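One structure below.
Just so it is clear, the model here is predicted, and its values are computed rather than measured.
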Amino acid sequence: QVQLVESGGGSVQARGSLRLSCAASGRTISNYAMGWFRQAPGKEREFVAGISWSGGSTYYGDSVKGRFTISRDNAKNTVYLQMISLKPEDTAVYYCAADLGGVSTVVGGRADYWGKGTLVTVSS
């Protein structure tokens, strides 16, 4: 079992930045593809970013390309999401996910493990 705990969410003004962290416990995530998803009120869950187990491959949703950066530190069992130039439409609960399959599985919206989420609110 892998437990994922997100942190770093909060309220920020438009054009601001935040850095989310996802701390894993229970197992090392060095063999897992990792991803970030978000869900805004009344909307479906949306893929935000994914990273391969090595960190060598990253993928982003169209709405965040050029503004968000996913990274990982396998030694710390932690994944990060750096968000800049935030927009009100980025407001959502952000979830971390882990999957033993390839990063394509995560990009496709599937994962073995999910965190409980952290709320990001961007005001105009």
Side-chain angles (χ1 to χ4, degrees):
Q1 288 283 355
V2 175
Q3 291 80 44
L4 303 172
V5 178
E6 303 92 339
S7 62
S11 297
V12 64
Q13 289 192 328
R15 296 179 296 282
S17 62
L18 280 175
R19 187 197 197 200
L20 304 184
S21 298
C22 171
S25 61
R27 290 182 181 175
T28 175
I29 60 169
S30 59
N31 294 330
Y32 287 76
M34 302 294 295
W36 287 95
F37 295 79
R38 67 187 182 185
Q39 187 165 21
K43 294 188 176 181
E44 294 187 353
R45 186 177 65 201
E46 174 188 15
F47 168 75
V48 174
I51 188 168
S52 61
W53 65 269
S54 66
S57 298
T58 56
Y59 301 87
Y60 297 92
D62 288 341
S63 61
V64 307
K65 281 180 182 176
R67 300 187 298 121
F68 290 12
T69 303
I70 187 171
S71 62
R72 66 190 298 160
D73 185 337
N74 286 340
K76 294 184 177 180
N77 234 28
T78 301
V79 177
Y80 305 97
L81 185 69
Q82 179 67 51
M83 307 184 293
I84 65 171
S85 302
L86 283 161
K87 305 174 181 180
E89 50 264 43
D90 294 319
T91 295
V93 177
Y94 284 71
Y95 298 92
C96 177
D99 195 86
L100 263 179
V103 67
S104 59
T105 302
V106 173
V107 172
R110 302 184 303 277
D112 295 325
Y113 302 102
W114 295 85
K116 294 185 177 181
T118 185
L119 176 64
V120 172
T121 303
V122 184
S123 58
S124 57

Check: Any donor and acceptor pair, going by atom type alone, linking the side chain of E6 with main-chain N or O of T118 inside 3.5 Å?
Finding: no
Next item on the list: If you link ILVMFWY side chains whenever their heavy atoms are less than 4.5 Å apart, which other residues fall into the same cluster as Y113? By chain and number, please.
Entry: V2, L4, V12, L18, L20, I29, Y32, M34, W36, V48, I51, Y60, V64, F68, I70, V79, L81, M83, L86, Y94, L100, V120, V122
Check: So, N74 side chain and W53 main chain: donor-acceptor pair closer than 3.5 Å or not?
Finding: yes
Item checked: Distance, nearest 0.5 Å, that separates CZ of R38 from CD of E46 -> 4.0 Å
Next item on the list: Write down the atom of R67, the atom of S85, and the distance for their closest heavy-atom approach.
Entry: NH1-O, 3.0 Å
Note to self: Can you give me the closest heavy-atom contact between A92 and L119, atom names plus distance?
What the structure shows: O-CD1, 3.6 Å
Next item on the list: Determine, using the 4.5 Å side-chain heavy-atom cutoff (strictly less than), whether F47 and V93 are members of one ILVMFWY cluster.
Entry: yes
Note to self: Is there a path of hydrophobic side-chain contacts, each under 4.5 Å between heavy atoms, that joins V107 and Y80?
What the structure shows: no
Next item on the list: Give the minimum heavy-atom separation between A14 and P88, together with the two atoms involved.
Entry: CB-CD, 4.1 Å
Checklist line | Between E89 and S63, a side-chain donor and acceptor under 3.5 Å | finding: no
Next item on the list: Can you see which heavy atom on Q39 is nearest to which on Y95, and at what distance?
Entry: CB-CE1, 4.2 Å
Note to self: If I take atom OG from residue S123 and atom NZ from residue K87, how far apart are they, to the nearest 0.5 angstrom?
What the structure shows: 15.5 Å
Next item on the list: Specify the closest pair of heavy atoms between W114 and A111, including all atoms of both residues, with the distance to one decimal.
Entry: NE1-O, 3.4 Å
Next item on the list: Determine yes or no for a side-chain-to-main-chain donor-acceptor pair under 3.5 angstrom, with R72 supplying the side chain and S52 the backbone.
Entry: yes
Note to self: I'd like to know if D62 pairs up with K65 as an ion pair, taking the criterion as any Lys NZ or Arg NE/NH1/NH2 lying under 4.0 Å from an Asp or Glu carboxylate oxygen.
What the structure shows: yes
Next item on the list: Using modelled atom types only, decide if a donor and an acceptor are shared between the side chain of S30 and the backbone of T28 within a distance under 3.5 Å.
Entry: no
Check: Do N77 side-chain atoms and A24 backbone N/O form a donor-acceptor pair below 3.5 Å?
Finding: yes
Check: Above 12 or not: heavy atoms from other molecules or residues under 6.0 Å from CD of Q13?
Finding: no
Next item on the list: For residues F37 and G109, report the shortest heavy-atom separation together with the two atoms involved.
Entry: CE2-CA, 3.7 Å
Notebook entry, point to check: What pairs of residues pass the salt bridge (Lys or Arg N to Asp or Glu O under 4.0 Å) test when at least one of them lies in residues 108-124, not counting sequence neighbours?
Noted result: none
